[in-house]
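Values below: all heavy atoms of this structure, side chains included; hydrogens, waters and symmetry mates excluded.
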Amino acid sequence: MSFHCVPGVFMGMDLRCQVNNHAHRTGEMDLERLLVRRGQPFSLALQCSTPLPPKNKLAMILHLGKEGELVVKVLDAHAGRDKWWFRQQRAQNEVLLTVHSPADTPVGIYSMTLLLLSPDGHILEKTTPETFYMLFNPWCKADSVYLPDEELLEEYILNENGILYQGSWDQISSLSWNFGQFEQDVVDICFEILNNSPAALKNPEIDTANRADPVYVSRTITAMVNANDDRGVVSGRWDGKYDDGVSPTRWTGSVAILRRWSESGAQRVRYGQCWVFSGVACTVLRCLGIPTRPVTNYSSAHDTDGNLNVDYLYNEQLESVSEGRKDMIWNYHCWVESWMDREDLPKGYDGWQALDPTPQERSDGVYCCGPCPVKAVRDGDVGTKYDAAFVFSEVNADLVTWIVYPDGQRSQVSLNQKTVGRNISTKSVYGDYREDITKHYKYPEGSVKEREVYEKAGRRITQLNGGPGQLELKIKHAQAILGTDFDVIVEVHNVGGEDTPAQLTVTSNAVTYNSLHRGECQRRTASLTVPAQKAHKEVMRLRYDHYGACVSEHNLIRVTALLQASTQPDVILQEVNIPLRMPQLHVKVVGDAVVSRKLIAHISFTNPLPITLRGGVFTVEGAGLTAPREGNIGPGEDVKVKFSFKPTRAGLRKLMVDFDADRLRDVKGIATLIVRNRLTVN
């Protein structure tokens with residue numbers, strides 16, 4: 001409750017933060033400030049020194065915007081759903097006000113002043129301005145982000161912990177992520193991000209009015225989460241050089257990133273990659289009240305020229321000869337989906353919208369992508385706002401591989417129409433496991449409907465020149481563990497009736513998750529003759545001595561095999577990405593988990609590598625603490641670290657720990673706690 005020593009009738013105003021915030025499902029954010037959702041009433045109590053004279057009227061004025069650009073006069077009588085209005089009940093020296101907001105009012109931080117008017121409308125007295133926060137309301141039918149499913153809202157608005165999926169399509173791994181959208185001051189930082197957008201800085205009045213529209217707000221957020229064009233939050237980097245910032249793999253949540261950006265005066269935070277951008281965007285959008293979920297697309301195409309093909313060019317030595325901006329297939333790519341109506345589009349495009357904050361291509365001159373209706377992607381409506389052609393390509397492009405000869409001639413050696421867009425994943429609302437949502441983005445591979453969609457999208461059905469040859473190529477491998485030696489088996493099958501001589505080249509390269517090469521590990525060339533109806537097996541042993549020095553922070557090895565029959569012009573190319581399995585940290589919390597009571601966390605870790613790790617650092621998120629342990633850890637050495645912390649909020653909480661050293665990064669551990677309030681403890 002706040003009291004203002006203004007002479008006259010008004011003594012103070014109680015914003016009833018606890019009652020209102022619980023009713024508006026914002027109590028987790030704050031109970032000291034008023035945070036409400038649009039389209040849902042909230043109440044205020046005005047204390048007076050004497051009962052208000054019956055003839056005197058109350059009026060309410062709202063200001064919104066950095067300089068109060070938008071002014072709203074709240075009507076003192078029922079005015080319908082599309083207007084602000086309030087109802088009052090006078091009881092002796094107190095007036096209870098119930099304030100109704102329209103479900104399409106702009107979100108933002110409002111300033112509110114109550115006026116006492118004489119019967120002829122003169123201002124007799126006014127309260128000191130009070131501040132309240134207005135958010136989107138997915139519980140309100142009239143709001144364009146309305147989602148009529150309580151279980152989905154529990155996950156996509158209220159859950160502060162989640163899972164981001166990584167790895168590869170056939171070896172999916174999960175990264176626990178602390179979204180922390182209700183952590184202290186995160187809501188302020190979200191509005192600070194909107195205030196720093198180019199549109200807000202250029203024309204704040206128009207920008208403030210546009211914040212009624214979740215399409216506008218979500219598109220602004222995707223542009224502002226990356227720092228490419230503006231005063232955005234995270235700077236992307238993929239070259240492995242992170243000494244002047246934080247390695248993207250070290251982050252375990254969004255809150256530290258958002259606070260660092262805000263505290264530095266909107267200076268970009270170094271560094272992020274796709275899952276970091278999607279994690280931060282998910283935090284901001286959930287905080288503002290837009291239902292949002294992170295999504296991972298495996299074998300995700302980045303088509304730079306818009307031809308719906310990803311073209312890989314090699315010379316005969318299996319060296320990449322693509323020039324300029326190269327088409328690429330990322331092992332995985334993360335974006336988010338947000339739920340909203342698309343009143344700016346023809347009917348049929350409401351629901352989940354893809355939003356990609358990773359800076360890949362410009363959209364309307366800015367590095368952002370979306371919101372793009374997922375239904376438009378599935379149905380091949382590539383002209384739909386925003387960026388449907390780019391998202392369609394990410395999940396549907398053909399992979400075409402070419403050999404370029406010294407005279408400049410090129411030969412198409414492989415075509416794969418089923419590689420791109422696999423196992424599209426998000427966390428289930430029913431627990432910490434994966435839900436496959438591929439069917440939302442594309443019809444079943446090879447179906448009549450899929451071919452119709454390709455045609456509609458203007459995509460030619462590419463055919464590989466010539467029929468199948470008599471040689472077939474396969475690459476097999478066991479599960480590989482970082483730090484160990486492992487075998488890769490290349491099998492050449494001769495399905496024809498004659499013995500066939502051939503030349504086989506096999507290379508292994510350290511690559512990043514988005515296909516950047518970090519170095520060749522091994523190369524082998526063999527001349528062989530494959531007997532008719534038989535198979536030849538070539539075994540390549542990948543030694544840690546060879547790959548350890550050049551493996552990227554994503555711990556990924558790409559094995560490529562090129563086979564050319566001596567008697568035929570056919571060239572066959574096969575490629576596999578092998579994720580190296582990582583060790584895990586073991587995290588154990590000792591003590592009763594009670595708000596503000598000290599707990600001890602024990603972290604244990606064994607160095608799996610045959611070399612000494614230098615400069616090891618443990619980082620703890622969820623407690624807002626870091627527990628650095630600088631020093632060397634020998635091969636096979638066990639390390640134990642403990643630290644104390646105090647939980648600040650009740651409920652299901654996850655404590656996430658990261659370990660990084662010079663030759664081993666992105667080692668994660670997690671402990672799940674149920675924290676109780678002191679009052680509920682016996």
Please determine if [X] and [Y] form a salt bridge, counting it only when a charged side-chain N lies under 4.0 Å from a carboxylate O.
| X | Y | result |
| --- | --- | --- |
| E491 | K474 | no |
| K418 | E445 | no |
| K241 | D243 | no |

Within this structure, what is the [atom1]-[atom2] distance for the pair [X] and [Y], rounded to the nearest 0.5 Å?
| X | Y | atom1 | atom2 | answer |
| --- | --- | --- | --- | --- |
| Y547 | F486 | OH | CZ | 5.5 Å |
| N331 | N577 | CG | CG | 4.5 Å |
| M656 | I670 | CE | CD1 | 5.0 Å |
| D485 | I481 | CG | CD1 | 11.5 Å |
| L542 | L580 | CG | CG | 9.0 Å |

Please confirm whether [X] and [Y] have ring centers closer than 6.0 angstrom.
| X | Y | value |
| --- | --- | --- |
| W251 | Y271 | no |
| Y165 | Y332 | no |
| W402 | Y314 | no |

* To do: Assess whether salt bridge (Lys or Arg N to Asp or Glu O under 4.0 Å) is satisfied between R524 and E538, documenting all intermediate values.
  => CA-CA 10 Å; R524 175 178 298 178; E538 195 75 23; 3.6 Å; yes
Any side-chain donor near an acceptor of the partner, [X] and [Y], under 3.5 Å:
| X | Y | result |
| --- | --- | --- |
| R558 | N509 | no |
| S299 | T419 | no |
| E575 | T560 | yes |
| E337 | H440 | no |
| Y430 | E155 | no |
| D356 | H333 | yes |

What heavy-atom pair brings [X] and [Y] nearest, and what distance separates the two atoms?
| X | Y | answer |
| --- | --- | --- |
| V420 | S393 | CG1-O, 4.0 Å |
| L164 | F179 | CD2-CZ, 4.2 Å |
| S508 | I557 | CB-CG2, 4.1 Å |
| P248 | V276 | O-CG2, 3.7 Å |

Donor-acceptor pair, side chain of [X] and main chain of [Y], under 3.5 angstrom:
| X | Y | value |
| --- | --- | --- |
| D398 | V400 | no |
| N226 | V234 | no |
| Q522 | R541 | yes |
| N161 | N178 | no |
| Y298 | Q166 | yes |
| K427 | G431 | yes |
| N494 | V530 | yes |
| D379 | D381 | no |
| R250 | T619 | no |
| D149 | L152 | yes |

Check the surroundings of atom [atom1] in [X]: do more than 12 heavy atoms from other residues, nucleotides or ligands lie under 6.0 Å from it?
| X | atom1 | result |
| --- | --- | --- |
| E498 | CD | no |
| R237 | CZ | yes |
| Q533 | CD | yes |

* side-chain hydrogen bond (donor to acceptor under 3.5 Å, both in side chains) assessment of S254 paired with W177 -> CA-CA 8 Å; S254 308; W177 191 265; 2.9 Å; yes
* CA sep, side-chain torsions, deciding dist, call: W275, Y513, ring pair (Phe, Tyr, Trp, His ring centres under 6.0 Å) -> CA-CA 11 Å; W275 68 93; Y513 82 99; 5.6 Å; yes
* **Stepwise salt bridge (Lys or Arg N to Asp or Glu O under 4.0 Å) check, E450 with R378** => CA-CA 9 Å; E450 184 200 35; R378 186 192 62 190; over 6 Å; no
Indicate yes or no: at least one non-hydrogen side-chain atom of [X] is less than 4.5 angstrom from one of [Y].
| X | Y | answer |
| --- | --- | --- |
| N423 | R434 | yes |
| S338 | P371 | no |
| P373 | T384 | yes |

* To do: Quick one: sort the F659 and F605 rings into parallel, tilted or perpendicular, breaks at 30° and 60°.
  => tilted
* In sequence, state the C-alpha distance, the side-chain angles, and the governing distance for D660 and K668, and then conclude on salt bridge (Lys or Arg N to Asp or Glu O under 4.0 Å). => CA-CA 9 Å; D660 286 299; K668 299 284 193 276; 5.9 Å; no
* Stepwise side-chain hydrogen bond (donor to acceptor under 3.5 Å, both in side chains) test for S218 and Q353 -> CA-CA 10 Å; S218 62; Q353 312 288 319; over 6 Å; no
* Chi angles and distances behind the side-chain hydrogen bond (donor to acceptor under 3.5 Å, both in side chains) call for D638, T606 -> CA-CA 4 Å; D638 293 324; T606 303; 2.5 Å; yes
* To do: Assess whether salt bridge (Lys or Arg N to Asp or Glu O under 4.0 Å) is satisfied between R665 and E553, documenting all intermediate values.
  => CA-CA 6 Å; R665 296 184 178 277; E553 66 271 27; over 6 Å; no
